[in-house]
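Everything on this sheet refers to the single structure shown next.
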Number of protein chains: 2
Amino acid sequence: MTRRGALIVVSGPSGVGKDSVLKAFMPGRRDIMLSISATTRPPRVNEIDGEHYHFISQDAFKDMIAKDEMLEYAEYAGNYYGTPRQWVEENLRRGMHVILEIELVGALKIRALMPEAVFVFLMPPSLSTLRDRLIGRGTETPSSISARMEAAKKEILQASAYDYIIVNHTLPDSCEKLSAIIGAAAQRASHLKDIIQEVTKDA
Amino acid sequence: MTRRGALIVVSGPSGVGKDSVLKAFMPGRRDIMLSISATTRPPRVNEIDGEHYHFISQDAFKDMIAKDEMLEYAEYAGNYYGTPRQWVEENLRRGMHVILEIELVGALKIRALMPEAVFVFLMPPSLSTLRDRLIGRGTETPSSISARMEAAKKEILQASAYDYIIVNHTLPDSCEKLSAIIGAAAQRASHLKDIIQEVTKDA
């Protein structure tokens, strides 16, 4: 029997380093899949369809919403972003752990739909570190940086709604902690109830 | 500020390999302490006071009960066994993770007293494996083996009351899983609430 994989939701403020942590974490982890969001916004330079996002039309996205094929979705600045349900379900069913990198509102939606999911909040060591990282990107205007800092503060104040917090000091340390969290998720008694039957029936 | 350590309770049926797993797990883990129980039973050959147990008198044990100095205790065959509270508290306070190896009844008492503790059930791969291990000890009579097998089956049926289950296939695998569980315990949001204040105050 294949045991269902664990669903891991990773959130954190913009600039905290979610992409960098997951990019460092995934190689070599053949037991874990990273979910790719669908979006209606046009691809940026260097963005590859099916790798960074599934780029789909507004009509196709609305059709998926209507058919309840999005696990969660949101609209920003006239574009839709969402998590296609079928891919996640299929991979969990075949025993893969699935990571969703998703923002706070989407995470809370998933919390309500799939209470067995494990919620991880990636935290900056300090707000000033976060500001430095946003400035370091070189793509943000001063006003977009203050907007992101305001948003970050609000998100961080909700971190206690998550199961786990990882303070992103260094990539290896964050990867090790994420690995422990996923390893523990796979050993949850709630996840392994069938083992009790299996072991006791063989007397 | 020193962050409080996590309290990890490890249970499992007699013969499942709790001692072997912990003996393989502990070396090199300077962040983890293994609690040593107190007992009023006389030491067996090769048992060292303060290493296998704290061997104390009935009067001393009853005095500790009266002063609420036992986190949990139980009586078997006229002897007391218990977990001295002060040592556990001191080590948690100085940031060490503390492992208690303890039977089911004691574990449930700790669950009620310290709901933040993490409960791990070590499970045999099958009941026949467990029987083989008990026979392999060479110290059990056929009737004590059947009594232990009956007790094991009852305990295993309560494993879903634990947070985590580790099926003890091999020592390295069980050690890796225990390590993940302890690593995750240290990242629980409920354990790290102060970080939210720390990070947001520095704006």
Side-chain angles (χ1 to χ4, degrees), chain A residues 3 6 8 12-13 16 118-131 146 149-150 152-168 173-174 176-203, chain B residues 3 6 8 12-13 16 118-131 146 149-150 152-168 173-174 176-203:
Chain A
R3 183 156 295 116
I8 315 293
V16 71
V118 169
F119 293 82
V120 181
F121 191 90
L122 196 64
M123 179 81 88
S126 67
L127 285 177
S128 52
T129 320
L130 187 68
R131 181 178 284 112
S146 5
M149 290 304 294
E150 271 314 298
K153 201 163 171 180
K154 278 184 197 151
E155 284 181 47
I156 290 168
L157 288 169
Q158 298 205 57
S160 59
Y162 285 71
D163 297 309
Y164 296 103
I165 295 172
I166 296 175
V167 181
N168 190 22
D173 178 67
S174 296
E176 192 185 317
K177 286 171 176 167
L178 184 58
S179 184
I181 289 165
I182 297 173
Q187 300 310 123
R188 285 174 296 172
S190 55
H191 200 75
L192 298 177
K193 273 178 191 153
D194 56 296
I195 280 184
I196 298 173
Q197 271 74 52
E198 266 174 48
V199 169
T200 47
K201 81 175 173 213
D202 107 305
Chain B
R3 184 156 295 113
I8 315 292
V16 71
V118 170
F119 292 82
V120 181
F121 191 90
L122 195 65
M123 178 81 88
S126 67
L127 284 178
S128 52
T129 321
L130 187 67
R131 181 178 284 112
S146 359
M149 290 304 295
E150 271 314 299
K153 202 165 169 177
K154 279 184 198 151
E155 283 181 47
I156 290 168
L157 287 169
Q158 297 205 57
S160 59
Y162 284 71
D163 297 311
Y164 297 102
I165 294 173
I166 297 176
V167 181
N168 189 21
D173 178 66
S174 295
E176 192 185 316
K177 286 170 177 168
L178 183 58
S179 183
I181 290 166
I182 297 172
Q187 300 310 124
R188 285 174 296 173
S190 55
H191 199 77
L192 299 177
K193 273 176 191 153
D194 56 297
I195 279 183
I196 299 173
Q197 270 75 51
E198 265 173 49
V199 168
T200 46
K201 79 174 179 216
D202 107 304

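Bear in mind the structure is a predicted one, so any value in this text is a computation, not a measurement. A note on names: the letters A, B, ... follow the listed sequences, proteins ahead of strands, and every chain is numbered from 1.
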Exercise. To the nearest 0.5 angstrom, please state how far the CG atom of Asp194(B) sits from the CD1 atom of Ile165(A).
Key: 8.5 Å

Self-check item: Residue among Gln158(B), Lys193(B), Lys177(B), Met149(B) with most heavy-atom pairs under 4.5 Å to chain A
Solution: Lys177(B)

Quiz item: How many angstroms lie between CD1 in Ile166(B) and CD1 in Ile195(A), if you round to the nearest 0.5 Å?
Solution: 11.0 Å

Practice problem: Heavy atoms only, distances under 4.5 angstrom: which of Asp163(B), Ile182(B), Leu178(B) has the most pairs with chain A? Name it, please. | Solution: Asp163(B)

Quiz prompt | Side-chain touch Ile196(B)/Met123(A), heavy atoms, less than 4.5 angstrom | solution = yes

Exercise. Against chain A, work out which of His191(B), Gln187(B), Arg188(B) has the most heavy-atom pairs shorter than 4.5 Å and name it.
Key: Gln187(B)

Quiz item: What distance do Leu127(B) atom CG and Glu198(A) atom CD have between them, rounded to the nearest 0.5 Å?
Solution: 12.0 Å

Quiz prompt | Atom of Ala184(B), atom of Ala184(A) and distance for their closest heavy-atom approach | solution = CB-CB, 3.6 Å

Quiz item: Ala159(A) and Ala189(B): which non-hydrogen atoms are nearest, and at how many Å?
Solution: O-CB, 4.1 Å

Quiz prompt | OH on Tyr162(B) to CG on Leu192(A), rounded to 0.5 Å | solution = 15.0 Å

Quiz item: What distance do Leu157(A) atom CG and Gln197(B) atom CD have between them, rounded to the nearest 0.5 Å?
Solution: 8.0 Å

